[in-house]
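The structure under discussion appears below in the form of structure tokens.
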Amino acid sequence: MGAGFWISRYLLASSILFIILTVVEYSKGTTSGADILSALAWSLVASAIFIGSKYWRYRKAVACAACSGDKPKTR
């Protein structure tokens, strides 16, 4: 799995999370520019942690029950 795979996975995860957080902000009723920027920042940070942990497990070839669709490299 090359860099393109991990970048596309990061962008997919962060965009979905940003949409979810934006919908939550709009459902609260008081949405400002700062709220949208906060949702963007949280989505980028949370996705970086999520994809970073998946990449670490992939590099270490650690099996994960939640990541059963991803097949780690065998050594």
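Just so it is clear, the structure is predicted and the values come from calculations on it, not from any experiment.
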Requested in this report: Of all the heavy-atom pairs spanning G2 and W6, show the shortest one and how long it is.
Outcome: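 That closest heavy-atom pairing would be O-CD1, 3.1 Å.
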
Query raised in the report: Can you name the closest pair of heavy atoms from A13 and S47 and give their distance?
Result: C-OG, 3.4 Å

Taking atom [atom1] of [X] and atom [atom2] of [Y], what is their separation to the nearest 0.5 Å?
{"X": "E25", "Y": "S38", "atom1": "CD", "atom2": "OG", "result": "6.5 Å"}
{"X": "I36", "Y": "T31", "atom1": "CD1", "atom2": "OG1", "result": "5.5 Å"}
{"X": "I51", "Y": "L11", "atom1": "CD1", "atom2": "CG", "result": "9.5 Å"}

**Report entry** Pairs touching residues 7-28 that satisfy ring-ring contact (aromatic ring centres under 6.0 Å, His included), sequence neighbours left out
**Finding:**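 Non-adjacent pairs meeting ring-ring contact (aromatic ring centres under 6.0 Å, His included): zero.
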
Report task. Name all residues meeting the side-chain contact (heavy atoms from CB on, under 4.5 Å) criterion together with I16; count only those two or more places apart in sequence or in a different chain, and write none if there are none. Result ->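 I16: side-chain contact (heavy atoms from CB on, under 4.5 Å) contacts with L12, I20.
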
Query - side-chain contact (heavy atoms from CB on, under 4.5 Å) against S32, all qualifying residues, sequence neighbours excluded - result: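 S32: side-chain contact (heavy atoms from CB on, under 4.5 Å) contacts with A34, D35.
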
Query raised in the report: Partners of F50 by ring-ring contact (aromatic ring centres under 6.0 Å, His included), sequence neighbours excluded?
Result: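 Checked F50 against ring-ring contact (aromatic ring centres under 6.0 Å, His included); zero matches.
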
Query - Flag side-chain contact, heavy atom, 4.5 Å: K60 against W56 - result: yes

**Report entry** Remaining members of the apolar cluster that contains L37, side-chain heavy atoms under 4.5 Å
**Finding:** none

Query raised in the report: Which other residues belong to the hydrophobic cluster containing W42, where Ile, Leu, Val, Met, Phe, Trp and Tyr are joined when side-chain heavy atoms lie under 4.5 Å apart, directly or via other members?
Result: L17, L21

